[in-house]
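Read the structure below first, then the notes.
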Amino acid sequence: GNRLEEAMFVYSMTSEFFPESARIWIGLGEVHEKQGDSESAIRAYEKAVELDPTGEAGREASKRLSALKQKQ
(Lines give C-alpha, C1' and ligand atoms only; values in the text may rest on other atoms or scores of the structure.)
Protein backbone atom coordinates (compact mmCIF):
# COMPACT_ATOMS: atom_id res chain seq x y z
CA GLY A 1 0.00 0.00 0.00
CA ASN A 2 0.88 3.60 0.56
CA ARG A 3 3.44 2.91 3.30
CA LEU A 4 5.46 0.74 0.94
CA GLU A 5 5.46 3.51 -1.65
CA GLU A 6 6.67 5.97 0.99
CA ALA A 7 9.39 3.56 2.11
CA MET A 8 10.47 3.01 -1.48
CA PHE A 9 10.72 6.75 -2.04
CA VAL A 10 12.77 7.29 1.12
CA TYR A 11 15.18 4.41 0.42
CA SER A 12 15.55 5.38 -3.24
CA MET A 13 16.40 8.98 -2.33
CA THR A 14 18.71 7.92 0.48
CA SER A 15 20.56 5.44 -1.74
CA GLU A 16 21.35 8.31 -4.11
CA PHE A 17 22.84 10.38 -1.29
CA PHE A 18 24.56 7.48 0.49
CA PRO A 19 25.31 4.93 -2.24
CA GLU A 20 28.05 3.33 -0.13
CA SER A 21 25.72 2.35 2.73
CA ALA A 22 25.04 -1.39 2.71
CA ARG A 23 22.22 -0.90 5.26
CA ILE A 24 20.33 1.38 2.89
CA TRP A 25 20.56 -1.21 0.11
CA ILE A 26 19.22 -3.85 2.50
CA GLY A 27 16.27 -1.58 3.29
CA LEU A 28 15.63 -1.03 -0.38
CA GLY A 29 15.78 -4.78 -0.95
CA GLU A 30 13.23 -5.36 1.81
CA VAL A 31 10.79 -2.92 0.25
CA HIS A 32 11.22 -4.49 -3.19
CA GLU A 33 10.67 -7.91 -1.62
CA LYS A 34 7.46 -6.78 0.11
CA GLN A 35 6.23 -5.39 -3.21
CA GLY A 36 6.87 -8.76 -4.83
CA ASP A 37 9.73 -7.50 -7.01
CA SER A 38 12.25 -10.27 -6.39
CA GLU A 39 14.63 -9.23 -9.17
CA SER A 40 15.07 -5.71 -7.79
CA ALA A 41 15.37 -7.09 -4.24
CA ILE A 42 18.13 -9.46 -5.35
CA ARG A 43 20.01 -6.62 -7.05
CA ALA A 44 19.74 -4.47 -3.90
CA TYR A 45 20.94 -7.28 -1.61
CA GLU A 46 23.81 -8.07 -4.00
CA LYS A 47 24.85 -4.41 -3.87
CA ALA A 48 24.83 -4.54 -0.04
CA VAL A 49 27.04 -7.65 -0.07
CA GLU A 50 29.38 -5.99 -2.57
CA LEU A 51 29.70 -2.90 -0.33
CA ASP A 52 30.18 -4.83 2.92
CA PRO A 53 31.40 -8.33 2.02
CA THR A 54 32.72 -9.26 5.47
CA GLY A 55 30.68 -7.01 7.77
CA GLU A 56 27.43 -7.55 9.61
CA ALA A 57 25.30 -5.82 6.96
CA GLY A 58 26.90 -7.90 4.21
CA ARG A 59 26.22 -11.13 6.08
CA GLU A 60 22.60 -10.10 6.67
CA ALA A 61 22.15 -9.22 2.99
CA SER A 62 23.74 -12.50 1.97
CA LYS A 63 21.29 -14.42 4.17
CA ARG A 64 18.31 -12.54 2.69
CA LEU A 65 19.67 -13.16 -0.80
CA SER A 66 19.93 -16.90 -0.22
CA ALA A 67 16.40 -17.08 1.21
CA LEU A 68 15.00 -15.09 -1.69
CA LYS A 69 16.75 -17.19 -4.33
CA GLN A 70 15.43 -20.38 -2.71
CA LYS A 71 11.86 -19.07 -3.07
CA GLN A 72 12.23 -18.58 -6.81
Side-chain angles (χ1 to χ4, degrees):
N2 205 17
R3 291 186 91 77
L4 278 179
E5 289 171 23
E6 289 172 15
M8 178 61 75
F9 175 76
V10 170
Y11 279 116
S12 294
M13 291 300 294
T14 310
S15 69
E16 287 183 33
F17 290 109
F18 303 100
E20 302 303 309
S21 171
R23 284 262 165 236
I24 288 168
W25 289 101
I26 291 171
L28 198 52
E30 286 176 329
V31 176
H32 282 303
E33 204 172 335
K34 285 179 179 139
Q35 289 182 323
D37 185 353
S38 296
E39 283 183 31
S40 295
I42 287 170
R43 281 196 302 273
Y45 292 145
E46 286 174 342
K47 179 75 174 171
V49 172
E50 180 187 314
L51 290 169
D52 188 18
T54 57
E56 189 182 323
R59 286 194 302 271
E60 183 182 332
S62 187
K63 221 184 301 183
R64 291 172 186 262
L65 199 51
S66 297
L68 192 56
K69 285 182 175 179
Q70 284 175 0
K71 285 184 197 173
Q72 288 188 324

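Predicted, not measured: the structure shown is a model, and the values here were computed from it. Along the sequence shown, residues carry numbers from 1.
Residues E33 and Y45 bring a donor and an acceptor atom of their side chains to less than 3.5 Å of each other.
If you chain together hydrophobic residues whose side chains sit under 4.5 Å apart, I26 and L51 never meet in one group.
A salt bridge links R64 with E60; the closest basic N to acidic carboxylate O contact falls under 4.0 Å. For E50 and R43, the salt-bridge test fails: no basic side-chain N is under 4.0 Å from an acidic carboxylate O.
The heavy-atom pair separating S62 from V49 by the smallest distance is N-CG2, 3.6 Å. The two residues E5 and Q35 come nearest to each other via the heavy atoms N-NE2, 4.5 Å. Contact detail for H32 and A41: the closest heavy-atom pair is CB-N, 3.6 Å. Closest non-hydrogen pair, S15 versus S12, comes out as OG-O, 2.8 Å.
How far CD of E39 is from CG of L68: 10.5 Å, rounded to the nearest 0.5 Å. Between W25 atom CH2 and D52 atom CG the span is 14.5 Å, to the nearest 0.5 Å. The distance from the CG atom of L4 to the CE atom of M8 is 8.0 Å, given to the nearest 0.5 Å.
At least one side-chain heavy atom of I42 sits under 4.5 Å from a side-chain heavy atom of Q72.
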